[in-house]
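Working notes, beginning with the structure itself.
Proteins get letters first, then strands, A, B, ... in listed order; numbering begins at 1 in each.
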Protein chains: 2
Amino acid sequence: MPIHERLLADTHSLGKFDVCRLLLHRNAVVPWMILVPDRVETELLELPRTVRETVLDESARVAAFVQSHFGSPKINFAAIGNIVPQLHLHVVGRDPTDICWPAPVWGNLTEERSYPTVELESITAQLTASYDLLYYAEN
Amino acid sequence: MPIHERLLADTHSLGKFDVCRLLLHRNAVVPWMILVPDRVETELLELPRTVRETVLDESARVAAFVQSHFGSPKINFAAIGNIVPQLHLHVVGRDPTDICWPAPVWGNLTEERSYPTVELESITAQLTASYDLLYYAEN
């Protein structure tokens, strides 16, 4: 299932798990991952139980990576979807020293920074080596 | 486990499920439920799988109630916890006509309205009759 163009425009595509494709928000001021389940449902809480469980397992894996790689002491996890209807889950690494703490990130990031290519390669390599991420090229 | 005083101050206590107690945000401008699992973990994605599954089942039940009772076409589901460390899950009924659509509710509700007592009683009665909510009195 194609990923909504608004999500693609805002993110780097990192790869795929069994159910979700994994995107990284282009704004590097906070570590902000987005999982997109390959499903037609638009509500997390309306997924069949077994699919929901896999989606949560994959989200937990991404959260563990964010904690380990970025040292984030707190994870914000959310299914919002008010702007982009396609089901997608935010896994955001938060820290009391980050730019909009304690406010949520949505609509509150007033600075922007890009990931250097070498950092993107390192993130993808670690996710592939230790978190079962598979290669996937978005069209 | 006692519920954090900040959560109690902001909400009406509606009752309990197997794992979560159920709170309703006092601000009635959007239907905003908060589930508080009776657990020491502070991260949803670090709960044991079986507990996480029950927490998600209870959240799905609350989402179904919000959709049915308030007619919300969209559910925002989130575990944030930047201000209150105790694990709690937001289930918020959203509508394109609501006051802060499409922004998330956190920090964006500029109006306030209270629930009439009769409405609170009706909500609790429906949750008890059809969604397996049990009576529970917070101290």
Side-chain angles (χ1 to χ4, degrees), chain A residues 6 30 33 35 41-68 72-109, chain B residues 6 30 33 35 41-68 72-109:
Chain A
R6 172 78 182 253
V30 294
M33 298 279 188
L35 292 96
E41 295 90 343
T42 57
E43 297 285 336
L44 173 66
L45 296 174
E46 289 179 6
L47 288 176
R49 232 170 167 245
T50 53
V51 176
R52 189 183 74 197
E53 204 37 22
T54 304
V55 167
L56 269 284
D57 282 345
E58 295 174 358
S59 301
R61 223 179 290 161
V62 170
F65 168 76
V66 167
Q67 288 165 324
S68 151
S72 308
K74 180 74 201 155
I75 296 293
N76 289 176
F77 175 70
I80 300 181
N82 301 346
I83 294 173
V84 173
Q86 182 175 29
L87 179 58
H88 60 286
L89 307 166
H90 302 271
V91 174
V92 188
R94 302 302 308 273
D95 191 293
T97 65
D98 74 33
I99 187 168
C100 70
W101 181 272
V105 290
W106 306 281
N108 293 321
L109 290 187
Chain B
R6 172 80 182 252
V30 294
M33 299 279 189
L35 292 96
E41 294 89 344
T42 57
E43 297 285 335
L44 173 66
L45 297 174
E46 289 179 6
L47 288 176
R49 232 168 167 248
T50 54
V51 176
R52 189 183 73 196
E53 204 36 24
T54 304
V55 167
L56 269 284
D57 281 345
E58 296 175 358
S59 301
R61 224 179 288 161
V62 170
F65 167 76
V66 167
Q67 287 165 324
S68 153
S72 308
K74 180 73 201 155
I75 296 293
N76 289 176
F77 175 70
I80 300 181
N82 300 346
I83 293 174
V84 173
Q86 182 176 27
L87 179 58
H88 60 287
L89 308 165
H90 302 270
V91 174
V92 188
R94 302 302 306 274
D95 191 293
T97 65
D98 75 32
I99 186 167
C100 69
W101 182 273
V105 291
W106 306 280
N108 293 321
L109 291 187

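- Options A/Leu47, A/Val91, A/Leu89, A/Ile80 differ in how many heavy-atom pairs under 4.5 Å they form with chain B, and the most are formed by A/Ile80.
- Looking at residues two or more places apart in sequence or on another chain, you find a side-chain contact (heavy atoms from CB on, under 4.5 Å) between A/Ile99 and A/Val29, A/Leu109, A/Thr110, A/Glu111.
- For the options B/Gly81, B/Ala103, B/Pro96, heavy-atom pairs under 4.5 Å to chain A are most numerous at B/Gly81.
- Close approach to chain B, defined as a heavy atom under 4.5 Å from one of its heavy atoms, is seen in A/Arg49, A/Arg52, A/Glu53, A/Leu56, A/Asp57, A/Ser59, A/Ala60, A/Ala63 of residues 49-66 of chain A, taken by number.
- Using cut-offs of 30° and 60° for the angle between ring planes, the B/Trp106 and A/Trp106 rings count as tilted.
- Shortest non-hydrogen contact noted between A/Asn82 and B/Lys74 is OD1-CG, 3.6 Å.
- For B/Asp95, the side-chain hydrogen bond (donor to acceptor under 3.5 Å, both in side chains) partners at least two apart in sequence or on another chain are B/Thr97.
- Residue A/Ile75 touches chain B through both its backbone and its side chain, counting heavy-atom pairs closer than 4.5 Å.
- Among residue pairs with one or both ends in residues 80-93 of chain B, none qualify as salt bridge (charged side-chain N to carboxylate O under 4.0 Å, His left out); sequence neighbours excluded.
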